[in-house]
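A note on names: the letters A, B, ... follow the listed sequences, proteins ahead of strands, and every chain is numbered from 1.
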Protein chains: 2
Amino acid sequence: METKQATAIFLALSADLRLDLFRLLVKYAPDGLVAGEIAKYLKVSNTNLSFHLKALLHAGLITVEKEGRFLRYRANIPLMLETIAYLTAECCSGRPELCRDFRAASAVSAAVLPVCDSKK
Amino acid sequence: METKQATAIFLALSADLRLDLFRLLVKYAPDGLVAGEIAKYLKVSNTNLSFHLKALLHAGLITVEKEGRFLRYRANIPLMLETIAYLTAECCSGRPELCRDFRAASAVSAAVLPVCDSKK
DNA sequence: GACACATTTCAATAATTGTTGAATTGTTCT
DNA sequence: AGAACAATTCAACAATTATTGAAATGTGTC
C-alpha cells in the first residue's frame with residue numbers, strides 16, 4: 001500500500017461519525033445498507049451523510065451500488081485487511097524483533113494481535 | 001480502546017508528514033531521535049515539526065523525554081499494536097467468519113495479516 | 001405525465017488544521 | 001553573567017473539513 005492511500009484511509013477514519021459508519025457497514029456485511037437506513041441508524045441528515053459517505057468512498061473503504069432508486073453501501077473489508085497489514089509492517093519496519101517483544105509484553109490478548117514475523 | 005482515542009490516532013496518522021515521522025521513529029526504536037535530528041531527516045522547519053509532534057503526542061503515538069537541552073521522541077509501539085488489534089476487531093465486528101473468508105481470498109500474504117478468530 | 005421518494009449537489013458559513021517567521025523558555029559552555 | 005544553542009509558543013494567515021438548508025437529479029408509482 002502506498003503512503004498516499006494510507007493517509008487517505010486514516011483521514012477517512014478520523015471522524016467519529018465515519019468510524020461509526022464504517023463499523024455499521026461491517027456489522028451489516030455482506031449485504032450492506034442503503035443511504036436512508038444508514039441515516040436513521042446514525043441520526044444524521046441526508047446531506048451530511050452524503051458528505052461523509054463520499055469521504056469513505058474516496059478512501060475506498062466502502063463501495064456503492066445502484067439499486068433502483070436506492071444506493072446500497074458496503075464495507076470494503078479486504079481494504080481494511082490491507083490497511084491492517086500495512087500498519088503491522090510499519091510498526092515492525094524491518095525490525096520484527098521489536099514488535100514481537102512489545103507484543104509479548106502487551107496486555108492485549110495475543111489472539112487479536114497481528115502476526116509480525118520476519119518471514120513476511 | 002475507545003472510539004475517541006481511535007479517531008485521535010487516525011487523525012494523527014492522516015498527514016503524510018506525520019506518518020513519515022512515526023515511521024522514522026519506529027525505524028530508530030527503541031532509542032528514538034531528538035527533535036533536531038527529526039527535522040533534518042524530514043526536511044521540515046522546527047516550528048512545523050513541533051506542531052506535528054504535538055499532534056502525535058496528543059494521540060499518544062509517540063512519547064517525549066527531556067535529555068539536557070534536547071527532547072527525545074520515541075514511537076509508542078504498544079499503542080500501535082493496540083490500534084491494530086482495535087481495527088482487527090472492528091473489521092470482524094462479531095462476525096469473524098467474514099473476516100476469515102476475505103483474508104483467505106486476499107492477495108496479501110497471510111503472514112502479515114492479523115489473526116481474526118472467534119475465540120478472541 | 002404528474003407526483004412522491006431517495007439521494008446527491010450546490011452555496012454559504014462555521015470550525016478546524018497547516019504553515020510561516022518572530023519572540024520566548026530553558027540548557028550548556030566558557 | 002553572557003553567548004550560543006535546542007526547541008517551543010505565539011500570532012497571523014492560508015487551506016481544508018464539517019455542517020446546514022435549498023435546489024437538482026433520477027427512479028418508481030398512479
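- Mapped onto DNA chain C by nearest heavy atom, A:Val64 and A:Arg69 fall at different nucleotides, with A:Arg69 at the one closer to the 5' end.
- The same ILVMFWY cluster, assembled from side-chain heavy atoms under 4.5 Å apart, contains both A:Tyr73 and A:Leu42.
- For A:Leu21 and D:dT19, the CG to P distance is 12 Å, given to the nearest whole Å.
- One can place NZ of B:Lys54 at 13 Å from P of C:dT17, the figure rounded to the nearest angstrom.
- If you take CZ of A:Phe51 and P of D:dT16, they are 13 Å apart, rounded to a whole angstrom.
- Comparing C:dT7, D:dT19, D:dT8 by their nearest atom to the side chain of B:Asn46 picks out D:dT8.
- To the nearest angstrom, C1' of C:dC5 lies 12 Å from NZ of A:Lys40.
- For the pair A:His52 and D:dT17, the criterion of a side-chain N or O lying under 4.0 Å from OP1 or OP2 is not met.
- As rounded to whole Å, 15 Å separates atom P of D:dA15 from atom CG of B:Asn48.
- The backbone N or O of A:Ala12 lies less than 3.5 Å from a partner atom in the side chain of A:Arg18, making a donor-acceptor pair.
- In this structure, A:Arg18 atom CZ and D:dA18 atom P are separated by 4 Å, rounded to whole Å.
- Residue A:Val44 is the one, among A:Phe70 and A:Val44, whose nearest nucleotide of DNA chain D lies closer to the 5' end (criterion: closest heavy atom).
- Both B:Tyr28 and B:Leu56 are assigned to one and the same hydrophobic cluster, defined by single-linkage of ILVMFWY side chains at heavy-atom distances under 4.5 Å.
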Could you go step by step and tell me if A:Glu65 and A:Arg72 meet the salt bridge (charged side-chain N to carboxylate O under 4.0 Å, His left out) rule? CA-CA 5 Å; A:Glu65 189 185 4; A:Arg72 181 166 294 273; over 6 Å; no
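- Between A:Thr47 and A:Leu11, it is A:Leu11 whose nearest contact on DNA chain D lies nearer the 5' terminus.
- At a threshold of 4.5 Å between side-chain heavy atoms, the hydrophobic network of Ile, Leu, Val, Met, Phe, Trp and Tyr places A:Phe10 and A:Leu17 in one connected group.
- Listed candidates were C:dT17, D:dT27, D:dA7. Nearest to the side chain of A:Lys66 is D:dT27.
- The distance between atom CG of A:Leu33 and atom P of C:dA6, rounded to the nearest whole Å, is 15 Å.
- Not one side-chain nitrogen or oxygen of A:Tyr73 sits closer than 4.0 Å to the OP1 or OP2 atom of C:dA6.
- The separation between A:Arg72 atom CZ and C:dT7 atom C1' is 14 Å, rounded to whole Å.
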